[in-house]
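Since this is a predicted model, take the numbers as computed values, not measurements. Start at 1 with the first residue, then count along the sequence.
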Amino acid sequence: MKSKRHTRILELIQLHEISTQEELSDYLKAEGYQVTQATVSRDIRELKLTKVSMGNGKPRYAAVAENTEDLKEKYNHVFQNGFVSMDMAQNILVVKTVSGMAMAVAAALDAMECHEIVGSIAGDDTIMCAVRTTEDTVTLMERLKKIVEDA
């Protein structure tokens with residue numbers, strides 16, 4: 001139900017100049033969706049909708065699609081700026097970071113969709129990643145090394 005509602009919200013904001021949660025709620029209710037203001041507010045947040053100004057100065061909701069190439073650069077930049085060193089112990093990858101940067105670097109690793117990583121734990125300046133296999137750890141280290149070298 002939620003995914004159908006989200007899809008319909010995206011369609012509605014393209015079809016109509018909807019500028020308030022109340023307007024969006026009214027459109028949804030007219031189509032048979034039972035929604036509250038809290039539900040609409042949560043949907044807007046989950047869909048990452050933003051208000052943009054129209055030519056007439058009136059704001060309206062719009063979906064902001066970030067360029068995936070720009071995001072990749074941002075995550076690489078966070079990784080490059082926080083990275084200090086890395087080492088492996090079989091299928092465990094330990095990444096040392098600048099003090100206070102471990103969580104940001106771990107979030108960048110998550111966003112990079114490193115399929116080799118099963119999960120990671122970040123402290124203040126150290127990240128421990130559980131990697132699927134020893135071979136995957138070597139492959140991952142090579143890929144991360146290239147990212148650092150491209151800085």
A.B. asks: Does Lys51 have more than 12 heavy atoms from other residues, nucleotides or ligands lying within 6.0 Å of its NZ?
C.D. replies: yes
A.B. asks: What's the separation between atom CG in Asp43 and atom CG in Leu49, rounded to the nearest 0.5 Å?
C.D. replies: 8.5 Å
A.B. asks: Kindly compute the distance separating OG1 (Thr7) from NZ (Lys4), expressed to the nearest 0.5 Å.
C.D. replies: 9.5 Å
A.B. asks: Has Ser25 got a side-chain atom pairing as donor or acceptor with Gln37's backbone, closer than 3.5 angstrom?
C.D. replies: no
A.B. asks: Leu144 versus Leu109: any side-chain heavy-atom pair under 4.5 Å?
C.D. replies: yes
A.B. asks: Any sub-3.5 Å donor-acceptor pair from Thr39's side-chain atoms to Val35's backbone N or O?
C.D. replies: no
A.B. asks: Between Asn81 and Val98, is there a side-chain heavy-atom distance shorter than 4.5 Å?
C.D. replies: no
A.B. asks: Using modelled atom types only, decide if a donor and an acceptor are shared between the side chain of Asp87 and the backbone of Val94 within a distance under 3.5 Å.
C.D. replies: no
A.B. asks: Where is the tightest heavy-atom contact between Ala108 and Val78, given as atom of each residue plus distance?
C.D. replies: CB-CG1, 4.0 Å
A.B. asks: Counting only heavy atoms from other residues, nucleotides and ligands, does the tally under 6.0 Å from NE2 of His77 exceed 12?
C.D. replies: no
A.B. asks: Return the OH to CG distance between Tyr33 and Leu12, rounded to the nearest 0.5 Å.
C.D. replies: 8.0 Å
A.B. asks: Looking at every heavy atom in both Thr20 and Ile18, which two are closest together, and how far apart are they?
C.D. replies: O-CG2, 3.6 Å
A.B. asks: Spell out, yes or no, whether Ile92 and Val118 are grouped together once hydrophobic residues are joined by side-chain heavy atoms under 4.5 Å, including indirect joins.
C.D. replies: no
A.B. asks: So how far is it from Tyr75 OH to Ile147 CD1, rounded to the nearest 0.5 Å?
C.D. replies: 13.0 Å
A.B. asks: With a 6.0 Å cut-off (strictly less than), is the heavy-atom count around CD of Glu113, excluding the residue itself, greater than 12?
C.D. replies: no
A.B. asks: With heavy-atom distances below 4.5 Å as the criterion, would you say the side chains of Val84 and Val95 are in contact?
C.D. replies: no
A.B. asks: Please step through side chain to side chain contact (heavy atoms under 4.5 Å, CB included) for the pair Thr134 and Met88, ending with a clear verdict.
C.D. replies: CA-CA 9 Å; Thr134 303; Met88 68 178 274; 3.6 Å; yes
A.B. asks: With the side chain counted from C-beta on, respond yes when Glu46 and Lys2 share a heavy-atom pair under 4.5 Å apart, and no when they do not.
C.D. replies: yes
A.B. asks: Does the side chain of Met112 reach to within under 4.5 Å of the side chain of Asn76, using non-hydrogen atoms?
C.D. replies: yes
A.B. asks: Has Thr137 got a side-chain atom pairing as donor or acceptor with Thr133's backbone, closer than 3.5 angstrom?
C.D. replies: yes
A.B. asks: Within a reach of under 6.0 Å around CD1 of Ile121, are more than 12 heavy atoms found that belong to other residues, nucleotides or ligands?
C.D. replies: no
A.B. asks: Find out whether Ile127 and Met103 are in side-chain contact, i.e. whether some heavy atom of one side chain is under 4.5 Å from a heavy atom of the other.
C.D. replies: no
A.B. asks: Enter the distance from Cys129:SG to Asp136:CG here, rounded to the nearest 0.5 Å.
C.D. replies: 12.5 Å
A.B. asks: Taking all atoms of both residues into account, what is the closest heavy-atom pair of Asp124 and Thr97, and its distance?
C.D. replies: O-OG1, 3.9 Å
A.B. asks: Between Met86 and Leu140, is there shared hydrophobic-cluster membership here, with clusters defined by ILVMFWY side-chain heavy atoms closer than 4.5 Å?
C.D. replies: yes
A.B. asks: Which heavy atom of Phe83 sits nearest a heavy atom of Val105, and at what distance?
C.D. replies: N-CG2, 4.5 Å
A.B. asks: Does the side chain of Lys96 come under 3.5 Å of the side chain of Ser85 through a donor N or O and an acceptor N or O?
C.D. replies: no
A.B. asks: Considering only NZ, NE, NH1 and NH2 on the basic side and carboxylate oxygens on the acidic side, decide whether Arg8 and Glu11 come within less than 4.0 Å.
C.D. replies: yes
A.B. asks: Okay, side chain of Arg60, backbone of Ile13: is any donor-acceptor separation there less than 3.5 Å?
C.D. replies: yes
A.B. asks: Tell me if the CD atom of Glu17 is crowded by more than 12 foreign heavy atoms within 6.0 Å.
C.D. replies: yes
A.B. asks: Let me confirm one number: the CD-CD1 distance from Glu31 to Ile9, rounded to the nearest 0.5 Å.
C.D. replies: 10.5 Å
A.B. asks: Identify the two heavy atoms, one from Glu116 and one from Arg143, that lie closest to each other, and give their separation to 0.1 Å.
C.D. replies: OE1-NH2, 3.1 Å
A.B. asks: Could you check if a side-chain atom of Asn91 sits within less than 4.5 angstrom of a side-chain atom of Glu135, using non-hydrogen atoms only?
C.D. replies: no
A.B. asks: Decide yes or no on side chain to side chain contact (heavy atoms under 4.5 Å, CB included) for Ile44 and Gln21, but give the supporting numbers first.
C.D. replies: CA-CA 8 Å; Ile44 288 169; Gln21 291 181 9; 3.5 Å; yes
A.B. asks: Please report the closest heavy-atom contact between Ala63 and Leu10, naming both atoms and the distance.
C.D. replies: CB-CD2, 3.9 Å
A.B. asks: Quick one, Met128 and Ser120 - any side-chain contact, counting heavy atoms below 4.5 Å?
C.D. replies: no
A.B. asks: Please check: side-chain N/O of Arg5 versus main-chain N/O of Val40, any donor-acceptor pairing under 3.5 Å?
C.D. replies: no
